[in-house]
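First the structure, in the form of structure tokens, and then the observations on it.
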Amino acid sequence: MYLNNKMLFSIHILADEEFDELCFEFGLELDEITSEKEILIREQGGEKAEGASDVVLYKIDVPANRYDLLCLEGLVRGLQVFKEKLEAPRYKRVSPADGGEPQRLVITEETASVRPHAVAAVLRNITFTQERYESFIELQEKLHQNICRKRTLVAIGTHDLDTISGPFTYTAKPPGEIRFKPLSQSREYTAAELMSLYKTDSHLRHYLHIIENEPLYPIIYDSNGIVLSMPPIINGDHSKISLNTKNIFIECTATDLTKAKITLDMVVTMFSVYCDEPFTVEEAEVVYPDGRLSVYPELAYRTETLSGDFINKRVGINESAESIAQLLTRMCLRSEVSGEGDLIQVEIPPTRADVIHACDIMEDAAIAYGFNNIVRSTPRTYTVANQLPVNKLTELLRQDLTAAGFTEALTFALCSEEDIADKLRKNITETRAVHISNPKTADFQVARTSLLPGLLKTIAANRKMPLPLKLFEISDVVLKDETKDVGARNNRRLCAVYYNKSPGFEVIHGLLDRVMQLLDVKPGRNQGYHIQASYLKIYFNDSTFFPGRCAEIFSCGKSIGHLGVLHPDVISRFELTMPCSAIDIDIEPFL
Amino acid sequence: MADTGLLEALLRLLEKVDGGIDSQDVAADLGVDHQLIVGAVKSLQALGEVISAEQKSSKRWELTGEGREIAEQGSHEARVFNAIPDEGLPQNELMKMPSGKVGFSKAMSNKWIRLDKAHEGGPRVFKTVETIEDTVRDKLQLVQKGLSAKLEDKEKNELKKRKLLSEVTVKSYWITKGSSFSTTITKQETELTPEMIASGSWKEKKFKPYNFEAMGVAADCGHLHPLMKVRTQFRQIFLEMGFTEMPTNNFIESSFWNFDSLFQPQQHPARDQHDTFFISDPALAHEFPQDYLERVKQVHSEGGYGSQGYKYDWKIEEAQKNLLRTHTTAVSARMLYKLAQQKFTPVKYFSIDRVFRNETLDATHLAEFHQIEGVVADYGLTLGNLMGILHQFFTKLGLKKWVEVGNSGVFRPEMLLPMGLPEGVSVIAWGLSLERPTMIKYGINNIRELVGHKVNLQMVYDSPICRLDS
């Protein structure tokens with residue numbers, strides 16, 4: 001997020017270094033110091049930036065789950081509390097000041113199939129300025145992208161309460177029966193019309209899929225039938241908020257109730273600061289189809305009890321319980337030593353939904369203590385190291401294959417179906433390949449079942465290099481395997497190719513002999529290794545190779561792979577022009 | 001090697017002079033073509049310090065084709081004069097001679113001849129003097145002998161105007177005696193041979209010096225890939241630190257082990273189609289440790305183990321989805337679960353293997369890369385321990401600014417306790433990509449120049465060994 005110097009005035013930060021330091025202490029990262037002008041120049045070129053502001057902006061990286069730091073109000077509040085310039089405010093849910101009935105949102109059963117949850121609250125007597133108003137809109141957008149998962153889980157609607165009258169009804173209707181004037185439009189549309197209108201809207205089109213194919217669309221009406229919003233797409237124009245809005249009705253509809261409650265808590269805790277009674281939020285009632293009634297916002301405070309010893313032992317420091325309580329209080333976790341031993345009562349405010357376990361409290365204590373102040377120490381854990389046997393074998397073979405004159409290639413584990421099937425003259429169904437359901441391009445359709453395509457593509461990209469080219473790779477291929485829990489397994493393979501003006505079968509054969517020598521397997525039919533032409537295989541199965549120029553490799557009676565001269569069609573399909581011989585073996589039998 | 005006779009002749013000339021001698025003059029002196037002398041100079045230079053020679057360029061006068069003809073046969077005017085008998089010659093006959101026209105007018109202006117236009121039988125030419133001196137020829141012969149210095153500039157320019165002389169730039173050598181000057185040539189051997197060793201003749205022979213400026217012949221060998229060389233070093237570092245290698249040879253993983261077991265909620269953006277490659281065949285994993293799966297479900301949906309949980313509807317269908325693992329931490333989770341099924345002993349684990357992300361590709365991101373991961377599980381590990389071990393690790397890497405290349409942390413209790421690990425056991429872990437430090441190490445900006453089939457093999461051939469700490 002971007003902050004400017006003026007905004008930060010309230011925490012008396014002037015020097016960039018000081019601010020950088022403060023961010024670091026607070027567990028944030030100051031990404032860059034820039035200005036609106038600089039950003040425009042970078043993104044759209046110098047012309048567009050003409051006349052843009054060159055007020056210094058600070059770009060800060062906020063951890064994804066710190067929703068309380070997503071807006072300027074929250075960040076400044078957090079930093080002020082951290083610097084002990086402000087006590088963390090207590091957020092309070094209050095009944096309507098006039099003693100009247102709270103606002104009520106009634107959920108009908110039709111919503112169950114599309115978006116069953118809703119929560120609501122009211123901000124009374126708020127005072128907006130241009131900056132506050134923009135920040136309010138921006139926070140909603142950030143929450144939508146973040147905790148609301150692009151509005152799929154939660155969608156926020158904010159309304160000028162003085163333009164509508166409760167009780168409000170949250171229901172779901174066929175799109176043809178919904179008709180209203182949406183935000184920023186000059187006339188009424190049916191929901192069906194809106195869906196096609198927003199198809200081309202650069203912002204809203206991303207949310208249409210959430211309800212597009214539903215028979216019923218979610219919709220919120222006031223008691224006079226005025227549409228507040230059609231979540232999660234758009235609000236009605238009638239109740240839109242402006243700089244002059246005094247009273248705001250906030251509703252969040254959701255498929256995930258927990259996230260809806262957090263989202264609502266975030267909006268009201270952040271912006272109740274601008275209410276006449278700061279940090280108070282007027283309650284609203286939500287009535288479920290089964291008659292249950294809930295009051296929101298929850299603004300729940302929770303207390304965790306943990307010991308100073310726990311914090312000290314987990315962080316690796318030695319602080320008194322009092323000092324730890326003070327550290328936590330600076331992180332907006334109001335803490336007190338309970339008096340029983342070194343137990344600390346930690347109060348988690350509604351703004352800190354990210355704190356779900358004592359370990360999160362421990363982390364905040366560490367941040368407040370300062371990571372740089374923690375003394376580094378080596379664990380005493382005594383262990384004996386072991387290599388994974390298949391990796392140990394791989395490391396040893398790699399060394400000796402280069403000594404044999406072959407150069408190591410490093411190719412991708414993902415490739416196209418064509419690479420492992422058509423181009424190798426094989427049928428995709430016999431490859432036992434694992435298929436990817438959502439590849440962005442054809443390069444990621446399958447996990448490779450052979451190392452050969454990668455090596456041939458490496459040669460194709462290096463045709464200008466002097467001949468012969470001698471390449472190898474020892475790496476994993478992936479094969480379907482019903483016996484594994486996930487239905488697939490890796491297989492460690494050794495593949496090598498020789499590319500020259502003559503096929504060089506004898507070179508590849510010599511490499512096999514050398515590999516077997518390294519593996520201490522002697523030539524021989526039974527306990528040793530041998531190669532054998534299998535004409536059936538050549539003609540019906542291993543069509544990758546040139547007929548009569550391919551042999552199957554056996555070690556201790558088991559087939560471990562093939563070697564031979566590649567079929568001319570394979571060579572040309574990989575855009576090569578010279579004869580090429582190859583060996584492809586499974587090295588796992590040698591473990 | 002030039003003819004030995006010529007070399008020795010050159011050396012004898014050089015012996016006689018005090019300072020040095022110009023190769024052009026040598027050529028003139030010995031009456032041979034200058035190019036032969038240039039060859040001789042080079043041969044002598046190759047013998048060591050016999051001579052030293054410095055290249056220079058100078059201007060020189062040279063005869064044109066016509067000039068050479070005149071030097072041999074006399075000037076046109078002389079030839080005309082000589083062709084005229086005492087009784088004279090008809091002008092038209094004279095004009096038929098090759099030198100007729102030019103020679104006639106020149107001989108006329110020299111007053112060597114006269115023309116009797118009124119002679120009966122047509123105009124006739126007569127000699128006016130008994131003998132002539134052919135100065136043009138004499139001058140040209142001087143130039144031919146290399147004695148052009150004896151002519152005045154005016155004379156040379158006049159001959160140049162007549163296209164008999166031209167001024168050319170010549171390259172020549174200024175030859176001086178070398179430190180081991182001698183007038184006799186010993187033939188140099190190029191290489192030591194078995195025969196010389198056998199006969200001892202090498203003792204008497206001189207050997208041609210090697211050119212140490214040239215590159216040697218490329219070694220006939222294979223080459224390891226630079227990224228794999230760095231991988232070897234990282235393995236070595238982990239092994240030196242007592243870490244055991246995890247079995248990461250399973251690219252296909254279930255969402256359960258890749259996400260759920262790590263307490264990653266099912267709506268997390270990382271589980272989105274845009275970030276993760278899901279598998280269509282085999283689409284689902286079919287086997288899980290059932291009671292563990294129940295505990296994972298519980299901690300996500302309701303909390304427990306001191307946690308609030310995420311409070312959402314956890315679905316087995318989501319956990320079953322197969323994918324290409326997005327991190328090797330999926331394997332760490334399997335290993336820690338396995339560890340929890342035995343009586344607890346402390347462990348240190350590592351792995352370096354491929355992981356996959358369905359991300360937008362750019363100069364530093366590919367759909368697959370290698371993740372390096374270290375994990376330590378023991379009672380009472382602290383954040384100070386994590387920082388200490390990271391410091392040791394990155395010191396071995398020789399990387400000072402390690403924060404920028406990796407991630408580290410302590411695994412959450414919501415992950416460890418459902419596995420069955422004892423309450424007091426902490427697990428610290430860190431990870432980084434193999435590609436990033438390799439690119440920094442080898443100064444590569446685009447990851448495609450390092451990984452995949454499009455790499456330039458010359459880069460692989462030329463890459464130095466990897467010593468991370470230097």
Side-chain angles (χ1 to χ4, degrees), chain A residues 149 153 256 258 313-316 356-359 366 374-379 381 383-388 390-391 395 398 401-414 434-440 444 447 454 457-458 461-462 465 470 476 478 480 485-490 492, chain B residues 220-225 227-228 232 239 242-245 247 249-254 267 269 273 277-282 285-287 306-308 311-312 322 346-348 354 358 367-368 376 378 380-385 387-389 391-392 412-414 451-454 456-458 460:
Chain A
R149 301 277 181 269
L153 301 184
D256 182 322
T258 310
K313 282 210 167 127
R314 294 294 171 124
V315 180
I356 60 173
H357 192 279
C359 70
I374 299 172
V375 177
R376 293 196 290 242
S377 58
T378 309
T381 311
T383 51
V384 173
N386 290 303
Q387 302 185 50
L388 188 71
V390 72
N391 289 356
E395 287 288 290
R398 287 173 56 238
L401 282 177
T402 56
F406 282 73
T407 289
E408 185 175 36
L410 176 66
T411 67
F412 296 128
L414 306 184
V434 166
H435 291 255
I436 294 164
S437 66
N438 57 333
K440 282 187 184 133
F444 315 115
K457 288 198 274 186
T458 306
N462 283 278
M465 297 295 289
K470 299 196 277 185
D476 283 346
V478 182
K480 280 200 279 187
D485 60 348
V486 297
R489 69 178 164 89
N490 284 20
R492 187 68 47 94
Chain B
D220 183 15
C221 62
H223 310 265
L224 291 170
H225 191 281
L227 191 77
M228 296 293 95
T232 300
L239 293 169
F243 283 66
T244 284
E245 197 168 23
N249 51 343
N250 61 325
F251 296 164
I252 310 300
E253 191 52 275
S254 62
Q267 315 88 343
Q273 298 273 332
F277 286 113
F278 287 93
I279 304 296
S280 57
D281 179 22
H286 52 77
E287 204 186 306
S307 176
Q308 301 293 305
K311 300 194 176 107
Y312 70 97
N322 275 336
V347 294
K348 293 194 290 205
R354 296 183 196 234
N358 195 10
E368 56 186 274
V376 184
D378 201 352
L381 295 174
T382 67
L383 290 180
N385 288 153
M387 290 163 65
I389 208 161
H391 179 72
Q392 289 181 329
R412 295 186 68 91
E414 293 100 323
V451 186
H453 57 265
K454 286 185 181 150
N456 182 353
L457 283 174
Q458 194 64 49
V460 177

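Lettering follows sequence order; numbering is per chain, from 1.
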Where does A:Val434 contact chain B at under 4.5 Å (heavy atoms): side chain, backbone, both or neither? both

Counting only non-hydrogen atoms closer than 4.5 Å, does B:Leu227 touch chain A with its backbone (N, CA, C, O), its side chain (CB onward), both, or neither? side chain

Relative to chain B, which segment of A:Lys440 carries a heavy atom at a distance below 4.5 Å: side chain, backbone, both, or neither? both

Examine whether an atom of A:Asn438 lies under 4.5 Å from a heavy atom of chain B, and if so say whether it belongs to the side chain, the backbone or both; otherwise answer neither. both

Please classify the contact between A:Leu153 and chain B as side chain, backbone, both or neither, with a heavy-atom cut-off of under 4.5 Å. side chain

For A:Asp485, give me all partners under side chain to side chain donor-acceptor pair (under 3.5 Å), at least two apart in sequence or on another chain. B:Arg334

Side chain from CB out, backbone as N, CA, C, O: work out which of these in A:Phe412 comes under 4.5 Å of a heavy atom of chain B, or both, or neither. both

Go through the atoms of B:Glu253 and report whether side chain, backbone, both or neither lie under 4.5 Å from a heavy atom of chain A. both

Of the non-hydrogen atoms in B:His225 and A:Glu408, which two are nearest, and what is the gap between them? N-OE1, 2.9 Å

Proximity breakdown for B:Gln458 and chain A, heavy-atom pairs closer than 4.5 Å: both

Tell me, do B:His391 and A:Thr378 make a side-chain contact under 4.5 Å, heavy atoms counted? no

Bottom line for B:Glu368: the part with an atom under 4.5 Å from chain A's heavy atoms is side chain

So which heavy atom on A:Asn462 is nearest to which on B:His453, and how close? ND2-O, 4.3 Å

Contacting region of A:Asn391 [heavy-atom separation from chain B under 4.5 Å]: both

Heavy-atom distance under 4.5 Å to chain A: side chain of B:Asn322, backbone, both or neither? side chain

Residue pair A:Ile356 / B:Arg412, side-chain heavy-atom distance below 4.5 Å: yes

If you tally heavy-atom pairs under 4.5 Å between each of B:Gln308, B:Lys311, B:Gln273, B:Glu287 and chain A, the highest tally belongs to B:Gln308

Examine whether an atom of A:Arg398 lies under 4.5 Å from a heavy atom of chain B, and if so say whether it belongs to the side chain, the backbone or both; otherwise answer neither. both

For B:Ile252 and A:Ala488 the tightest heavy-atom approach is CG1-CB, 3.9 Å

Which atoms of A:Val478 come close to chain B, meaning under 4.5 Å heavy atom to heavy atom: side chain ones, backbone ones, both, or neither? side chain

What pair of heavy atoms forms the shortest contact from A:Thr381 to B:Asp378, and how long is it? OG1-OD2, 2.7 Å

Which region of B:Val451, side chain (C-beta onward) or backbone (N, CA, C, O), has a non-hydrogen atom less than 4.5 Å from a non-hydrogen atom of chain A, or is it both or neither? both

Which region of B:Phe251, side chain (C-beta onward) or backbone (N, CA, C, O), has a non-hydrogen atom less than 4.5 Å from a non-hydrogen atom of chain A, or is it both or neither? both

